[in-house]
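Contents: one structure, followed by commentary.
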Amino acid sequence: QVQLVESGGGLVQAGGSLRLSCAASGIVFSNYAMAWYRQAPGKQRELVARITSGGSTNYTDSVKGRFTITRDNAKNMVFLQMNSMRPEDTAVYYCRGTYFRDYWGQGTQVTVSS
């Protein structure tokens, strides 16, 4: 049974930081490209950051220089370090794993107050 479980969400003030974690099980994690998506109320889900199985990363423009995605293949985990957070970062954040097929986590709420 494949599971992706996010954690680390919460309420933070503008300018603050949060670190999201996603723990994967039931897959050969090192094969998977991993990504963080977010969905704000009334908006489409959007890609935030992605890391390939080889460790290459890419980010949506609005988070470049503020967010960092990393992975730990030994622990089957992917992380999103979020710094200098803004109210517009408020969303439900989802973890996604892709290797011939996709798996999604259940999401974790992130709220940034102004």
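What you see is a predicted model, and the numbers here were worked out from it, not measured in a lab.
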The test is side-chain contact (heavy atoms from CB on, under 4.5 Å); show your working for Val63 and Arg38 and say whether it passes.
CA-CA 12 Å; Val63 308; Arg38 66 186 179 188; 4.0 Å; yes
After noting the C-alpha distance and the side-chain angles of Met82 and Val110, does the key distance pass the side-chain contact (heavy atoms from CB on, under 4.5 Å) rule?
CA-CA 10 Å; Met82 304 185 291; Val110 171; 4.0 Å; yes
Glu6 vs Trp36, test: side-chain contact (heavy atoms from CB on, under 4.5 Å). Steps then yes/no.
CA-CA 10 Å; Glu6 302 96 336; Trp36 288 96; 3.7 Å; yes
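- Taking CD1 of Ile51 as the start and CG of Asn58 as the end, the distance is 10.0 Å to the nearest 0.5 Å.
- Residues Ser17 and Asn83 bring a donor and an acceptor atom of their side chains to less than 3.5 Å of each other.
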Between Asp61 and Lys64, does a salt bridge (charged side-chain N to carboxylate O under 4.0 Å, His left out) hold up when you go through it step by step?
CA-CA 5 Å; Asp61 286 346; Lys64 285 180 180 176; 2.9 Å; yes
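- Of the inter-residue distances, the one linking Phe29 atom CZ with Met77 atom CE reads 8.5 Å to the nearest 0.5 angstrom.
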Where do Thr70 and Gln81 land on the side-chain contact (heavy atoms from CB on, under 4.5 Å) test, with the steps shown first?
CA-CA 8 Å; Thr70 57; Gln81 178 67 44; over 6 Å; no
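- Leu80 CG to Thr108 OG1: the interatomic distance, rounded to the nearest 0.5 Å, is 11.0 Å.
- Atom CD of residue Gln3 and atom SG of residue Cys95 lie 12.0 Å apart, to the nearest 0.5 angstrom.
- Rounded to the nearest 0.5 Å, atoms OG (Ser62) and CD (Glu46) are 5.5 Å apart.
- Residue Val48 comes nearest to Phe67 through the heavy atom pair CG1-CD2, 3.7 Å, listed as atom of the first residue, atom of the second, then distance.
- Note: the hydrophobic cluster containing Val78 also contains Val2 (ILVMFWY, side chain heavy atoms under 4.5 Å, direct or indirect links).
- The salt bridge (charged side-chain N to carboxylate O under 4.0 Å, His left out) test applied to Arg50 returns no partner, not counting sequence neighbours.
- Atoms OG1 and OH, on Thr98 and Tyr103 in that order, are 10.5 Å from each other to the nearest 0.5 Å.
- Scored by the ring-ring contact (aromatic ring centres under 6.0 Å, His included) test, Tyr32 finds Tyr99 as partners (sequence neighbours excluded).
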